[in-house]
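Quick note: numbers below take in every heavy atom, side chains included, and nothing from hydrogens, waters or symmetry partners. Chain A is the first sequence line, chain B the second, and so forth, proteins listed ahead of strands; every chain is numbered from 1.
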Amino acid sequence: MKFLVFSDIGKNVAEIATKLRDLGEVHSFTMKNQRETVLKSGSKRLVLLEGTPFSGNVSGALIGSDLPTYDYVFISSTPLGREVAGLISASTGNTIASEIFDFSIDNDKIKTKRFFFGGKTIMEEENSSKIVTVTPGSFEPSESAETAQEETLALSDSHEKLIEEKDRESSGTNIEAAGIIVSVGRGIGSKEAIEKIMPLVSATRGEIAGSRPVCLDYRWLSEERQVGLSGKKVKPRVYIALGISGQIQHIAGMRGSKIVVAVNKDKDAPIFQECDYGIVGDLFQIVPKIVENLKK
Amino acid sequence: MALNIIVLIKQIIDIDQIRTDPNTGEPVTQGIPFRVENLSKNAIEAAVQLKEKNGGKVTGIIFGTDKANAAMKEAYAMGVDDGIIITGYAGNNPSLTAHVISEKIKSISDYNVIILGNQSADSYTGVLPGLIAGKLSVPILGNAVSIEAEDGKIKIRRALEDKDQIISAPTPCVVSVTQEINQPRLPPVLQIMAAGRKPIKTEQPSLVDIHAGKVLSNLAPKSERRRQIFEDASKGSEEVAKAIRSEIK
Ligand SMILES: Cc1cc2nc3c(=O)[nH]c(=O)nc-3n(C[C@H](O)[C@H](O)[C@H](O)COP(=O)(O)OP(=O)(O)OC[C@H]3O[C@@H](n4cnc5c(N)ncnc54)[C@H](O)[C@@H]3O)c2cc1C
Ligand SMILES: Nc1ncnc2c1ncn2[C@@H]1O[C@H](COP(=O)(O)O)[C@@H](O)[C@H]1O
């Protein structure tokens, strides 16, 4: 079988390619500046796209690259990726299996798993779709000895124009790789209060993360630290949820954790249904106690 | 520049009220009301704000069922001017949804911009913006956190994972919005009552045979957590520290 894999984020290509390379031949497409992260993904062919990517010119490049010769097109579900999948589907008439976190292929059928009802259920489907969008973080990337045959491809001009671009500060953290995560929710109350839980972060040698309001609405933490359905999917050995109510969209991002600890002052908070150890109370009083006990 | 704006509105079963059966894992959907999907509300608010600023008109389209009237009335109350409900929606099938909606839009020739959510809150498919733009052969401005119109062009700001961008495209174009773009308004009672009297067009779709995936199962994920809850903070912190320590080494 032959697979085309695309993502504008190299790491996401590596995740999908790792899963697919045992099933067939993988040809990966990504942006040129992502080369390093994709080189050892086990792709037979690596096409590096040059230029300013928009969904129009990227889908054009993929469609122009012998698209009909591929059995499946796998695209990582990033904002750009989802648009590209839609455009390719509209142009080829192939349907899309979307937002998949696990799958198996049986010739012309693909069995897929995705969340449904906002994360409350897992829907298993059998599809004849040839285009698949994959939730980032669904598979563990590993290096392969196979060296990719590299080529570059210039993106064409697009109808969309880039007027201004600012890199957002990236701390270079990757909470998906963390062994211990201390995650804060709206219950933390303010950006300054995050300092007060840093002793727990250092005592556990963990990474700090947060719920969507904390990362997106208030920007108390950077967006790359958001856990959940629309954020990162994490699977640490210990996930410590502080002042997080445990809405289903949050649970969808941390369900794979080995041990879940929750601290919440509301004893009916849904997070207590999804934890191994829960403490009912004020996080600002309980966190120092946990730190103290860890030092014993 | 007065704008002719189309907003795509999804009606969903209220996912916040869905419970799953603790024994079978089956979602219990019986008796749960329908409502406007979260991102569709952001899309409506964005469309209405764009109209308020530039003048023009907002047309709402729902591909739904005969139960979609309430959703359209809510959209009217928020400021949508005209509403079209296309019936025949039978579950998650984005290719079919895109087909039905884009066929309808093709009959509205003088539109400037189509606004929709970037990923809907129940199925989280996220492929409609690309599908619709592709079927109509118009540019696409995705993941907007703000929208501005200037003559013959739409400009958006968007926040991608590692960068902020301002991008633009000529009209007509598709704009998808994120949850962060606005706080959808809660319309006053008078407006809601007035909305109830406004006519809604209901149409049959031009049906085609586009297969959805066959659902094999749809169940709550199994949770095998211990759920050991402490109300005594001292005891709790001790146990928690013990559990953490065993994983740190
Ligand atoms: C399409 C969509 C996608 C989404 N994606 C995500 C996502 O990826 N990630 C995500 O997290 N959310 C996501 N959400 C949002 C989600 O529905 C919830 O709104 C969000 O998770 C709530 O965040 P929270 O738990 O921090 O805040 P709240 O729900 O406000 O909870 C705060 C909690 O803190 C507790 N608390 C307050 N003070 C204290 C104190 N001093 N000590 C202890 N406890 C205290 C309260 O009892 C409460 O339980 C999404 C929503 C939608 C519609
Ligand atoms: N059946 C529908 N009718 C009208 N608009 C829809 C429908 N389904 C999805 N949309 C729109 O498309 C957006 C993204 O949905 P999706 O691609 O399914 O995640 C939603 O937020 C709506 O604005």
For Ile259(A) and Ala243(B), which heavy atoms make the closest approach, and how far apart are they? CD1-O, 4.4 Å
All heavy atoms of Thr121(A) vs all of Ala220(B), minimum pair found to be CG2-N, 4.0 Å
Can you check whether Glu247(B)'s main-chain N or O pairs, donor with acceptor, with Arg237(A)'s side chain at less than 3.5 Å? yes
Between chain A and each of Ser168(B), Gly213(B), Pro170(B), Ala233(B), count heavy-atom pairs under 4.5 Å; write down the option with the most. Ser168(B)
Note: Ile240(A) and Ile244(B) closest approach over all heavy atoms is CD1-CD1, 3.6 Å
Between Ser89(A) and Ser95(B) the two heavy atoms that sit nearest each other are OG-OG, 4.0 Å
Applying side-chain hydrogen bond (donor to acceptor under 3.5 Å, both in side chains) between Tyr277(A) and each of Arg226(B), Glu239(B), Gln228(B), report the one that passes. Arg226(B)
Test log, rule side-chain contact (heavy atoms from CB on, under 4.5 Å), inputs Gln273(A) and Arg227(B): CA-CA 6 Å; Gln273(A) 297 302 314; Arg227(B) 294 194 204 100; 3.8 Å; yes
Minimum heavy-atom separation for Leu87(A) to Gly130(B), with atom names? CD2-O, 3.3 Å
Passes side-chain contact (heavy atoms from CB on, under 4.5 Å), Lys163(B) versus Lys166(A)? Steps please. CA-CA 6 Å; Lys163(B) 48 187 172 273; Lys166(A) 250 194 245 125; over 6 Å; no
Side-chain (Lys296(A)) to main-chain (Ala241(B)) donor-acceptor, under 3.5 angstrom: no
With a 4.5 angstrom heavy-atom cut-off, is it the side chain or the backbone of Val260(A) that approaches chain B, or both, or neither? both
Establish, from distance only, whether the side-chain atoms of Gln179(B) and Arg212(A) form a donor-acceptor pair under 3.5 Å. yes
